[in-house]
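Notes follow once the structure below has been shown.
Protein chains get the first letters and strands the later ones, always in sequence-line order, with residue 1 at the start of each.
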There are 2 protein chains.
Amino acid sequence: MDITTFSALAEPHRLRIVELLLDGPLTVGDIADRLQLRQPQASKHLRVLLDAGLVEVHAEANRRNYKLRLEPFQQLDAWLETYRGVWDERLDALDLYLQKLRQKDIKPTGKP
Amino acid sequence: MDITTFSALAEPHRLRIVELLLDGPLTVGDIADRLQLRQPQASKHLRVLLDAGLVEVHAEANRRNYKLRLEPFQQLDAWLETYRGVWDERLDALDLYLQKLRQKDIKPTGKP
DNA sequence: CTGCAATATTCCTTGACAGGAATATTCCTA
DNA sequence: TAGGAATATTCCTGTCAAGGAATATTGCAG
């Protein structure tokens, strides 16, 4: 798993930017407005996101349209797969436990 | 989504610790050994992971057993759900596009 | 070509954080 | 009870990242 994805998302403003971009591409000014950021800070955060590969940019005259890149998220998703494996195991363990309980239920309760 | 999960994972050693813990609980010394860390640094990273809720600890005499907590990962998983939604949309768009292509294929090519 | 709008970059300062070294704490065993 | 093992904490230092302010860059309308 690529660390830079985590570092990029580990900053509140950047996380919000990413979530804004879920609804479609936005321009720097838009983002600055909606997040109450000054333009330079917005640019800087977008630069970080760009370097981390979380967004891509398309110039259109004066404006720059920033758009989410899905690949890092898919990568994150794939990484989580392993962890899903673990919690499935635990669910299996729970299953087993419940089965044992059921078996005990069939025999009369063994409490002294 | 909770930012502290990202910040905690945004450090190489900590990410490796988490991945080590996938195979089961470990003690501080174990982790320090496997990661070539000095004991205090291991302790400190584990402290951060603990505060972030990514691990839990169970004291057993001298030793402390650190164990993964799954909840933050499930939370991350849930968060990703939205993004999965997006890439499904795009797949749908691709489907549509391919359908159109197919339709065009039926008619003779309209190139001037 | 002048000026304005949109964006990027630079410089500066401040605060957070990681690693090193030393020390404190707790528990076990002889 | 003394000492050693396992772990946590503290203090110090250097590095890096974020925000502010100012400035540079690019594109367009007049």
Interatomic distance, Asp33(A) CG vs dT7(C) C1' [rounded to whole Å]: 13 Å
Contact check, side chains of Gln75(A) and Asp2(A), non-hydrogen atoms, under 4.5 Å: yes
Of Asn62(B) and Asp30(A), the one whose closest DNA chain C nucleotide lies more 5': Asp30(A)
Nearest-nucleotide pick for Arg64(B), side chain only, options being dT7(C), dA6(D), dA8(D): dA8(D)
From Arg84(B) atom CZ to Asp77(B) atom CG, the distance as rounded to the nearest 0.5 Å: 4.5 Å
Per Glu11(B) side chain, nearest of listed nucleotides dG20(D), dG19(C), dA8(D): dG19(C)
Under 3.5 Å donor-acceptor pair, Gln39(B) side-chain atoms to dA8(D) base atoms: yes
Gln36(B) CD - dA18(C) P separation (whole Å): 20 Å
Atom-pair distance (CD on Glu60(B); P on dT26(C)), nearest Å: 19 Å
Phosphate-side-chain proximity, Arg38(B) and dG19(C), N/O vs OP1/OP2 below 4.0 Å: no
Under-4.0 Å side-chain N/O to phosphate OP1/OP2 contact, His45(A) with dA17(D): no
Whole angstrom value for the distance that separates P of dA16(C) from CZ of Phe6(B): 22 Å
Closest to side chain of Ser43(A), choosing from dA6(D), dG19(C), dT9(C): dT9(C)
Aromatic plane relationship, Trp79(B) with Phe6(B) - under 30° parallel, 30 to 60° tilted, over 60° perpendicular: perpendicular
Euclidean distance, atom CG of residue Leu26(A) to atom P of dT7(C) [Å, nearest integer]: 11 Å
Presence of Arg47(A) side-chain N/O under 4.0 Å of dT9(C) phosphate oxygens OP1/OP2: yes
Distance, rounded to the nearest Å, where Gln41(B) contributes CD and dT7(D) contributes P: 15 Å
N or O in side chain of Arg14(A) less than 4.0 angstrom from dA18(D) OP1/OP2: yes
side-chain N/O Arg63(A) vs dA6(C) OP1/OP2, d < 4.0 Å: yes
Side chain to side chain contact (heavy atoms under 4.5 Å, CB included) assessment of Leu26(B) paired with Arg34(B): CA-CA 10 Å; Leu26(B) 286 178; Arg34(B) 309 206 190 184; 3.7 Å; yes
Out of dC28(C), dA6(C), dG19(D), whichever nucleotide has its closest atom nearest the side chain of Thr27(A): dA6(C)
Note, Tyr66(A) side chain near Asp30(A) side chain (heavy atom, < 4.5 Å): no
Length of the CD1-C1' vector between Ile31(B) and dA8(D), whole Å: 14 Å
Rounded distance (Å) that lies between atom P of dC16(D) and atom CG of Asp51(A): 16 Å
Phosphate OP1/OP2 of dA6(C) contacted by Tyr66(A) side-chain N/O (<4.0 Å): no
